[in-house]
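Here is the structure we will look at.
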Amino acid sequence: MTLDLFEDALPSPWREDIAPGAVVLHGFVREHGPELLAAINRVVAQVPWRHFTTPGGFTMSVAMSWCGNGWSSSRQGYRYSTHDSVSGKCWPAIPAILMALADEAAQQAGFGHYVPDSCLINRYDPGSKLSLHQDKDEHDFSAPIVSVSLGLPAVFQFGGLQRSDKTQRIPLVHGDVVVWGGPSRLCFHGIMPVKEGYHSLVGPHRINITLRKAF
DNA sequence: CAGTTCCC
DNA sequence: GGGT
């Protein structure tokens, strides 16, 4: 796997700055859907989709899989893990194409080279959503979050450092990548309920891939 | 409070 | 639809 898959320059209209340290790279991986989905399918074969319970005791509508370091939620709280406590084995490695994507997207967004150690894969069926939250379980807030949208469109909410801050609503479609870090690293964000639909490559789902540095 | 319900 |  080469590192130049995503090196093509982006025309300026494709880059949208939404806040200091937060950028939408519209269509950044639009041409790479099949390879990305193949990589995701290989991960999901090893780490089947799972619906977690929140600390409050509710079931999340989003189904999750992961590679690199894993994330989990339970009544005890959220946490990252290096391995599967059932099998004793490490979670599957992050596929090279996702490492390359993360590095190139982080560079395009102005964060320089990026070597994430965790990749969470979220499947949104119609009606699934993720309410406003912060990604704050990672040990390293100096690294940005790289978020890839595939399949059905969705409306991304991006707010400020306080839950009560006004939020922007940003439509995301298949192939869009959002990167946030630096002063935006702990901004509240979420996904509005996904509408019914069918995508020719992904089917009746939205798939979101987030790359982060957990440890 | 990574949810749901309710209210404007 | 948007805030809570």
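Residue numbering restarts at 1 for every chain, and letters A, B, ... go by the order of the sequence lines.
Note on ring orientation: taking the six-membered ring where Trp is involved, the planes of Trp180(A) and Phe156(A) are tilted (angle from 30° to 60°).
Counting non-hydrogen atoms under 4.0 angstrom, Asn122(A) reaches nothing in the nucleic acid.
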_Go through it in stages, so that I can follow the logic: the residues are Phe215(A) and Trp71(A), the test is ring-ring contact (aromatic ring centres under 6.0 Å, His included), and I'd like the CA-CA distance, side-chain angles, deciding distance and then a yes or no._
CA-CA 12 Å; Phe215(A) 293 109; Trp71(A) 181 86; over 10 Å; no
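A side-chain donor from one of His133(A) and Asp135(A) sits under 3.5 Å from a side-chain acceptor of the other.
With hydrogens and angles disregarded, a donor-acceptor distance shorter than 3.5 Å links the side chain of Gln168(A) to the backbone of Ile18(A). For Ser73(A) (side chain) and Thr53(A) (main-chain N/O), a donor-acceptor pair under 3.5 Å exists by modelled atom type. One N or O on the side chain of Arg15(A) and one on the backbone of Gln108(A) form a donor-acceptor pair closer than 3.5 Å.
Taking the ring axis of Phe141(A) as reference, the NZ or CZ atom of Arg185(A) does not stay both within 45° of it and closer than 6.0 Å to the ring centre.
The only option from Phe58(A), Tyr78(A), Trp66(A) that meets the ring-ring contact (aromatic ring centres under 6.0 Å, His included) definition with Phe52(A) turns out to be Trp66(A).
Between the P atom of dT4(B) and the CG atom of Leu130(A) lies a distance of 11 Å, rounded to the nearest Å. For the pair Tyr124(A) OH and dA2(B) P, the interatomic distance rounds to 13 Å; values are reported in whole Å. The separation between Asp135(A) atom CG and dA2(B) atom P is 10 Å, rounded to whole Å. A straight line from CG of Asp137(A) to C1' of dA2(B) spans 9 Å, rounded to a whole angstrom.
Comparing the C1' positions of dC6(B) and dC1(B) gives an interatomic distance of 16 Å, to the nearest angstrom. The P atoms of dC8(B) and dT4(B) are separated by 22 Å, rounded to the nearest whole Å.
A heavy-atom distance below 4.0 Å to DNA chain B is reached by these residues of residues 48-58 of chain A, ordered by number: Thr54(A), Gly56(A), Phe58(A).
Residues satisfying the salt bridge (Lys or Arg N to Asp or Glu O under 4.0 Å) test with Asp117(A), not counting sequence neighbours, are none. Listed by chain and residue number, nothing satisfies the side-chain hydrogen bond (donor to acceptor under 3.5 Å, both in side chains) test with Ser164(A) (two or more places apart in sequence, or in another chain).
A heavy-atom distance below 4.5 Å is not found between the side chains of Asp165(A) and Arg163(A).
Heavy atoms from other residues, nucleotides or ligands lying under 6.0 Å from NE2 of His139(A) number more than 12.
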Would you list the protein and nucleotides 2-4 of chain C atom pairs, both N or O, that sit under 3.5 Å from each other?
| unit_1 | atom_1 | unit_2 | atom_2 | d |
| --- | --- | --- | --- | --- |
| dG2(C) | OP2 | Arg169(A) | NE | 3.3 |
| dG3(C) | OP2 | Arg169(A) | NH2 | 2.5 |

Report, one pair per line, the protein and nucleotides 5-8 of chain B atoms (nitrogen or oxygen only) whose separation is under 3.5 Å.
none

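Here Ile209(A) contributes atom CD1 and Leu37(A) contributes atom CG; the two are 7.5 Å apart, rounded to the nearest 0.5 Å.
Base pairing in DNA chain C yields stems of at least 3 consecutive Watson-Crick or G-U pairs, both distances under 3.5 Å, namely B:6-8 with C:1-3.
Using Watson-Crick or G-U wobble geometry with both donor-acceptor distances under 3.5 Å, dC1(B) finds no partner in any strand shown.
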